[in-house]
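Inspection log for the structure reproduced underneath, given as structure tokens.
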Amino acid sequence: MTDTLFTGITELVTPAPGPQRGAAMRDLTVIDRAALLVRDGLIAWVGPDAEAPPATEKHDLGGVAVVPGLVDPHTHAVWAGDRLDDFEARAVGVPYETMLAAGGGIRSSIAATAAATVEELVALARPRLTALQLSGATSTEVKSGYGLDFDAELRMLRTIQSLGREFALTSTLLIHVPPTEGRDAYVRGVCLTLIPEAAARGLATAVDVFCEAEAFSVEETRQIFEAAQAHGLKIKLHADQFRAIGGTELACRMGALSVDHLEASGGPQIAALAASGTVATILPGVTLHLGLPAAPGRALIDAGAVVAVGTDLNPGSSPLFSTALALALAVRLNGLTPAEALTAATVNAAAALGLTDRGSLSVGQRADFLALRGPDWRELPYALGTNPVRDVFVGGVKR
């Protein structure tokens, strides 16, 4: 058994283990001139350097701040094709409906992704996941959802499974958009064929649904959620991105891990999240890229909700390849304090994935941590346009 003692830490900053809500999101432990002992991939001791126990190996980090590894709880990192035409058209005011009619929008991503092999999708997604990891993501969720037909969805899930050998990934089956025809039959097929097959093959840990007026209804979402739970899968939800139609309240009642987006959430949705164990995941990259109103992060925290932050990395609405930048944008756009943003991107983001063994630099937690470039941890939420992360450690091993 090898113990590695990490020293040369000007300050070690961490939230407490487990999901934090409301004012507790601001409560960080700060240890000056700290050391961290890692044994078998887990944190065995943390405290002042002067009190450090003996270890078989030592690693001097050179006088920098250390924080927990970030968790990205919401990405769509597997896709083919691009949305550059959409980007250019949006910049001159072309409505999204016009883009769709011309073969663009999400339908273009679905067509390109459905035509790609697993090998091609792996090659496309690997550099995206590498970029997220270099920005501080030590665990990342990746969703399917650009396949539409079931074979393509399963190929996306196999792609995520393959990449999971290189990155710490959580795989989610996303029921993203309904077909233009045969909607009822599609929902039945999702419930009776796609979900059982994904569960039986161990290709996903959760099922996500896009519940919006333009996507799936609250009743359709309920049916899909019930099928997921019947097959032992957790549930998650895209909701309130454009309007609140009841999806958030349904997800809270059914015990969803998280509801994500929330740009259109109001008082009833905020209250439902605050009264539940469901994590409210905000995605500031969407606000930046599309110009949508920002999700009410400040109001959610003040109401007592568990708030997480993610990139929503995808080709259409959030081409954001930095988990650290998502954290920084949550301060600027969603009203979080730096301390709240760190908590949102670590233990609360882990909770949004049903993970309780990471996100905090505490004894017994997985030794996922970041050595920053400077001595003050606040560079992480402060810096824009440069990477404040120098080294990424997963299970105590440098990536």
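When a residue number appears, it is its place in the shown sequence, counting from 1. Side chains included, hydrogens not; waters and symmetry mates left out as well; all remaining heavy atoms used.
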**Message:** I'd like to know whether Tyr186 forms a side-chain contact (heavy atoms from CB on, under 4.5 Å) with Leu148, so could you lay out the CA-CA distance, the side-chain angles of the two residues, the decisive distance to 0.1 Å, and finally the verdict.
**Reply:** CA-CA 9 Å; Tyr186 183 79; Leu148 189 59; 3.7 Å; yes

**Message:** I need the Leu121 CG to Trp79 CH2 distance, nearest 0.5 Å.
**Reply:** 11.5 Å

**Cluster link Leu36 to Val363, ILVMFWY, side chain under 4.5 Å** = no

**Salt bridge Glu214-Arg243, side-chain N to carboxylate O under 4.0 Å** = yes

**Request:** Please tell me if the side chains of Leu320 and Leu288 come closer than 4.5 Å, counting only heavy atoms from C-beta onward.
**Result:** no

**Prompt:** Would you find a donor on one side and an acceptor on the other, under 3.5 Å apart, between the side chain of Glu166 and the backbone of Leu163?
**Reply:** no

**Asked** Roughly how far, to the nearest 0.5 Å, is the CD atom of Gln365 from the CG atom of Leu361?
**Response** 8.5 Å

**Prompt:** Under the 3.5 angstrom rule, does the side chain of Asn387 hit a backbone N or O of Leu134 as a donor-acceptor pair?
**Reply:** yes

**Request:** Show your reasoning for whether side-chain contact (heavy atoms from CB on, under 4.5 Å) applies to Leu61 and Arg390.
**Result:** CA-CA 10 Å; Leu61 294 174; Arg390 189 192 72 190; 4.1 Å; yes

**Asked** Is it the case that Arg366 and Ser139 place a side-chain donor and acceptor less than 3.5 Å from each other?
**Response** yes

**Hydrophobic cluster membership, Val187 vs Ile245, 4.5 Å side-chain cutoff** = yes

**Item:** Under 3.5 Å: donor-acceptor pair, side chain of Thr10, backbone of Asp376
**Value:** no

**Prompt:** When rounded to the nearest 0.5 angstrom, what is the spacing between OG1 in Thr287 and CD1 in Ile282?
**Reply:** 9.0 Å

**Message:** Looking only at side-chain N and O atoms, does Ser144 offer a donor or acceptor that is under 3.5 Å from a partner on Glu153?
**Reply:** yes

**Message:** Using a 3.5 Å distance criterion without hydrogens, assess whether the side chain of Thr113 forms a donor-acceptor pair with backbone atoms of Ala80.
**Reply:** yes

**Item:** Flag side-chain contact, heavy atom, 4.5 Å: Tyr146 against Pro315
**Value:** yes

**Request:** Heavy atoms only: give me the nearest Leu157-Ala204 pair and the separation to one decimal.
**Result:** CD2-CB, 4.5 Å

**Request:** Answer yes or no: is there a donor N or O on one side and an acceptor on the other, between the side chain of Arg33 and the main chain of Asp49, under 3.5 Å?
**Result:** no

**Asked** Short question: side chain of Tyr382, backbone of Pro338 - any donor-acceptor pair under 3.5 Å?
**Response** no

**Item:** Distance (rounded to the nearest 0.5 Å) between Leu313 CG and Leu129 CG
**Value:** 8.0 Å

**Item:** Side-chain donor/acceptor of Ser135 to backbone N/O of Ser322, under 3.5 Å
**Value:** no

**Request:** State, with a plain yes or no, whether a side-chain heavy atom of Thr356 is found less than 4.5 Å away from one of Pro17.
**Result:** no

**Prompt:** Does one side chain, of Asp208 or Thr172, offer a donor that lies under 3.5 Å from an acceptor on the other?
**Reply:** no

**Prompt:** Under 6.0 Å from the CZ atom of Arg399, do we count more than 12 heavy atoms belonging to anything else shown?
**Reply:** yes

**Request:** Applying side-chain contact (heavy atoms from CB on, under 4.5 Å), run through Thr138 and Arg358 and close with a yes or a no.
**Result:** CA-CA 9 Å; Thr138 52; Arg358 65 200 70 181; over 6 Å; no

**Asked** Quick one: are Trp377 and Leu12 in side-chain contact, heavy atoms under 4.5 Å?
**Response** no

**Asked** Would you find a donor on one side and an acceptor on the other, under 3.5 Å apart, between the side chain of Asp72 and the backbone of Thr311?
**Response** yes

**Prompt:** For the hydrophobic clusters of this structure (ILVMFWY residues joined by side-chain heavy atoms under 4.5 Å, transitively), does one cluster hold both Ile224 and Val177?
**Reply:** yes

**Working for side-chain contact (heavy atoms from CB on, under 4.5 Å), residues Val190 and Ile195** = CA-CA 6 Å; Val190 165; Ile195 288 174; 3.9 Å; yes

**Request:** Check whether any side-chain heavy atom of Thr386 lies under 4.5 Å from a side-chain heavy atom of Arg373, and answer yes or no.
**Result:** no

**Asked** Should Leu174 and Leu262 be regarded as members of a common hydrophobic cluster, given that ILVMFWY residues are connected when their side-chain heavy atoms come within less than 4.5 Å of each other, either directly or indirectly?
**Response** no

**Message:** Rounded to the nearest 0.5 Å, what separates atom NE2 in His59 from atom CG in Leu5?
**Reply:** 11.0 Å

**Request:** State, to 0.1 Å, how close Val209 and Leu237 come at their nearest heavy-atom pair, and which atoms those are.
**Result:** O-CD1, 3.1 Å

**Request:** For Gly247 and Cys211, work out which heavy atoms get closest and say how close.
**Result:** CA-SG, 3.8 Å

**Asked** Between Ile110 and Val142, is there a shared hydrophobic cluster once you connect ILVMFWY residues whose side-chain heavy atoms come closer than 4.5 Å?
**Response** yes

**Complete:** Per side-chain contact (heavy atoms from CB on, under 4.5 Å), Leu203 is matched among Leu154, Leu173, Ile160 by Leu154

**Message:** Treating Asn334 as the side-chain partner and Leu336 as the backbone partner, does any N or O pair qualify as donor plus acceptor under 3.5 Å?
**Reply:** no

**Prompt:** In terms of side-chain heavy atoms, does His74 have a donor or acceptor partner in His261 at a distance below 3.5 Å?
**Reply:** no

**Message:** Would you say that Gln20 contacts Asp27 through its side chain, given a criterion of any heavy-atom pair below 4.5 Å between the two side chains?
**Reply:** no

**Donor-acceptor contact present, side-chain Glu263 to main-chain Ala239, <3.5 Å** = no

**Request:** Might you point out which heavy atoms bring Val309 and Pro284 nearest each other, and give the distance in Å?
**Result:** CG2-CD, 3.7 Å

**Message:** I need the minimum non-hydrogen distance between Ala256 and Thr278, along with the two atoms involved.
**Reply:** O-OG1, 2.8 Å

**Request:** Using the side-chain hydrogen bond (donor to acceptor under 3.5 Å, both in side chains) rule, collect all pairs that involve residues 294-306, keeping only residues at least two apart or in two chains.
**Result:** Arg298-Asp302, Arg298-Glu340

**Message:** With a 4.0 Å cut-off on N to O distance, would you call Glu249 and Arg253 a salt bridge?
**Reply:** no

**Prompt:** With a 4.5 Å limit on heavy-atom distance, are the side chains of Leu325 and Leu384 in contact?
**Reply:** yes

**Asked** Does a donor on one side chain and an acceptor on the other come within less than 3.5 Å for Ser258 and Lys236?
**Response** yes

**Item:** Minimum heavy-atom distance Ala35-Ile9, with the two atoms named
**Value:** CA-CD1, 4.2 Å

**Prompt:** Can you tell me how far the CG atom of Leu37 sits from the CG atom of Leu42, to the nearest 0.5 Å?
**Reply:** 11.0 Å

**Request:** State, with a plain yes or no, whether a side-chain heavy atom of Arg83 is found less than 4.5 Å away from one of Ser108.
**Result:** yes

**Message:** Classify the ring geometry of His238 against His176: parallel below 30°, tilted from 30° to 60°, perpendicular beyond 60°.
**Reply:** tilted

